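Each ligand, and each atom within it, is numbered from 1 in the order the structure gives. Quick caveat: nothing in here was measured; it's all calculated off a predicted structure.
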Amino acid sequence: MRDSDAGQAPVTVIGLGLMGQALAGAFLKNGHATTVWNRSADKAEELAAQGAVRADSARDAVAASPLVVVCVTDYDVVHELLDPLGDVLAGRVLVNLTSGTSEQARETAQWAAQRGYTYLDGAIMTIPQGIGAADTLLFYSGPRSAFDTHESALRSLGGATTYLGADHALSSLYDMALLTIMWNVMNGFLHGAALLGTADVPAATFAPAAIKLIATVAGWVPGYADQIDSGKYPAVDSTIDTHLAAMEHLIHESESLGIHAELPRFVKALTDRAVAEGHGGDGYAAMIEQFRRPSAAGR
Ligand code: NAP
């Protein structure tokens with residue numbers, strides 16, 4: 001039976017840290033009978049005042065609902081809490097929104113399969129304050145039927161809820177793929193703000209230009225994606241050789257102003273490698289070949 005057929009289906013949330021409290025709060029707000037459990041019981045007080053049922057144990061919490069959401073510090077804690085529960089999870093859907101790697105997701109899926117549990121791995125692309133918003137993105141991967149059954153309840157957590165596929169690893173991989181974008185964009189902004197700071201330009205004055213540049217670069221993504229998927233990198237706008245020359249300016253500028261130059265030096269080192277391999281006349285998307293190999297430190 002789907003949630004929509006069942007009315008607002010009961011949900012259990014295990015782990016009431018900053019994120020778990022937000023998750024349970026969103027389920028309650030959407031009319032789901034919500035059972036909660038946390039190691040430190042005091043964190044359930046506010047939710048209980050909003051109508052949540054406090055379970056006395058993790059086992060009782062799991063037994064209360066067909067959908068069990070766990071969100072704790074890491075996968076070791078997930079196992080510490082759930083391993084001793086025996087078959088109380090059988091016949092329920094376990095959704096793990098704890099952050100981890102794709103390897104941990106696959107291992108946990110195997111662990112669940114050995115016990116006959118139905119398992120969805122998930123990843124949350126927001127902070128607790130963003131839970132429940134219409135544009136909030138959460139990823140799920142694992143059996144489609146389990147996602148379909150509980151989609152309506154899971155949509156309480158974010159309107160941009162997305163099912164990625166049967167491979168449990170996908171949620172963590174998307175999480176990692178987006179985190180690398182986030183840190184690279186933010187580090188670029190911080191480096192730029194540090195450069196402009198040497199001319200007493202406040203970061204707030206720089207911000208509008210930075211936002212415009214980030215939007216421009218975002219517009220390039222679909223074309224790059226097509227080139228990556230086709231394995232052909234025609235230089236439709238500029239060549240890697242042209243980028244390389246500008247990188248040298250950036251390193252020189254940073255060094256001469258006393259600004260940390262490790263980031264542009266790293267980018268240039270990757271680019272030098274691409275040029276040495278004959279990609280100087282290609283478009284920038286050809287740099288994907290450098291990322292497909294382990295770094296020197298990992299070799
Ligand atoms: P948090 O506030 O530190 O909460 C950690 C939770 O794990 C608490 O419920 C804590 O219980 C529980 N826990 C830790 N060790 C435990 C143990 N040995 N036994 C039982 N329970 C244990 O962290 P959070 O911000 O809620 O994050 C939870 C997960 O969500 C993490 O994997 C995080 O990466 C992910 N996440 C968080 C955010 C965010 O912005 N906060 C965003 C995306 C994803 P106690 O209360 O008893 O200590």
Side-chain angles (χ1 to χ4, degrees), residues 11-29 34-50 52-62 64-65 67-86 88-89 94-109 111-112 119-133 135-142 154-162 164 168-183 185-186:
V11 178
T12 285
V13 177
I14 292 183
L16 301 175
L18 292 170
M19 186 52 86
Q21 290 184 48
L23 301 176
F27 285 128
L28 280 170
K29 202 171 153 200
T34 305
T35 300
V36 295
W37 181 85
N38 192 59
R39 176 180 63 175
S40 313
D42 57 313
K43 290 189 186 164
E45 275 166 21
E46 211 178 303
L47 290 160
Q50 293 167 37
V53 175
R54 298 166 70 157
D56 290 334
S57 65
R59 174 185 293 274
D60 289 351
V62 169
S65 312
L67 175 61
V68 177
V69 174
V70 59
C71 185
V72 287
T73 304
D74 56 33
Y75 278 61
D76 287 343
V77 175
V78 171
H79 285 291
E80 193 182 315
L81 290 176
L82 302 184
D83 278 353
L85 298 190
V88 67
L89 265 164
L94 172 64
V95 176
N96 183 13
L97 292 176
T98 303
S99 301
T101 65
S102 60
E103 189 182 5
Q104 289 175 315
R106 283 204 178 111
E107 279 170 5
T108 306
W111 164 89
Y119 179 66
L120 287 171
D121 203 87
I124 303 169
M125 298 296 110
T126 189
I127 56 175
Q129 292 75 5
I131 291 296
D135 60 349
T136 287
L137 183 59
L138 289 97
F139 293 121
Y140 296 93
S141 47
L154 295 174
R155 280 202 181 278
S156 307
L157 306 180
T161 284
T162 303
L164 295 170
H168 288 89
L170 286 170
S171 295
S172 300
L173 277 174
Y174 264 78
D175 190 7
M176 298 297 141
L178 292 176
L179 283 176
T180 189
I181 294 177
M182 181 183 80
W183 283 314
V185 170
M186 292 315 296

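- Residue Q21 does not touch ligand 1, judged by heavy-atom distances below 4.0 Å.
- Neither the backbone nor the side chain of M125 comes within contact range of ligand 1; no heavy atom lies under 4.0 Å.
- Protein heavy atom nearest atom 3 (O) of ligand 1, with residue, atom name and distance: T73 OG1, 4.6 Å.
- Every side chain to side chain contact (heavy atoms under 4.5 Å, CB included) that E45 has, sequence neighbours left out, goes to D42, R54.
- Under 4.0 Å from ligand 1, heavy atoms of T98 appear from its side chain as well as its backbone.
- Within ligand 1, counting atoms from 1 as listed, the ones closer than 4.0 Å to a heavy atom of K43 are 45 (P), 46 (O), 48 (O).
- Ligand 1 has no N or O atom lying under 3.5 Å from any N or O atom of G15, backbone or side chain.
- Applying the side-chain hydrogen bond (donor to acceptor under 3.5 Å, both in side chains) definition to pairs two or more places apart or across chains, those involving residues 69-78 are Y75-D121.
- Nearest heavy atoms, S171 versus Y140: OG-C, 3.3 Å.
- Between L81 and ligand 1, a contact under 3.5 Å exists for no N or O pair.
- Looking from atom 24 (P) of ligand 1 to the surrounding protein, the closest heavy atom is M19 N, 3.8 Å.
- Those atoms of ligand 1 with a heavy atom of C71 less than 4.0 angstrom away are 28 (C), 29 (C), 30 (O).
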Inset, instruction - Under the side chain to side chain contact (heavy atoms under 4.5 Å, CB included) rule, what do M125 and D175 come out as? Steps first, then yes or no, please. - result: CA-CA 7 Å; M125 298 296 110; D175 190 7; 3.1 Å; yes
Inset, instruction - Dump the intermediate steps for side chain to side chain contact (heavy atoms under 4.5 Å, CB included) on L47 and T34, then the final yes or no. - result: CA-CA 9 Å; L47 290 160; T34 305; over 6 Å; no
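- Counting heavy atoms only, T126 comes closest to atom 42 (C) of ligand 1 of the residues I124, L16, T126.
- Nearest non-hydrogen protein atom to atom 15 (N) of ligand 1 is V77 CG2, 3.5 Å.
- Counting only distance, with no hydrogens or angles, the side chain of T162 and the backbone of A160 share a donor-acceptor pair below 3.5 Å.
- For D74, no heavy-atom contact with ligand 1 is shorter than 4.0 Å.
- A distance-only check finds a donor-acceptor pair linking the side chain of T101 to the backbone of Q104 [under 3.5 Å].
- Any N or O atom pair closer than 3.5 Å counts here, and I127 shares no such pair with ligand 1.
- Between the side chain of T161 and the main chain of G158, a donor-acceptor pair closer than 3.5 Å is present.
- Atom 41 (N) of ligand 1 has its nearest heavy-atom neighbour, among G130, P128, S99, in P128.
- S141 places no side-chain N or O within donor-acceptor distance of the main-chain N or O of L164, the cut-off being under 3.5 Å.
- Regarding atom 12 (C) of ligand 1, its nearest protein heavy-atom neighbour is V72 CG1, 3.9 Å.
- Using a 4.0 Å cutoff on heavy atoms, N38 counts as a contact of ligand 1.
- With respect to atom 48 (O) of ligand 1, the closest heavy atom belonging to the protein is R39 NH2, 2.9 Å.
- Between W111 and H79, the ring planes are perpendicular. Angles over 60° get that label, and only those under 30° would be called parallel.
- Looking only at distances, a side-chain donor or acceptor of S57 sits under 3.5 Å from a matching main-chain atom of D60.
- By the 4.0 Å heavy-atom criterion, D76 is excluded from the residues contacting ligand 1.
- Considering backbone and side-chain N/O atoms, G17 comes within less than 3.5 Å of an N/O atom of ligand 1.
- Close N/O approach between L18 and ligand 1 is found [any backbone or side-chain N/O within under 3.5 Å].
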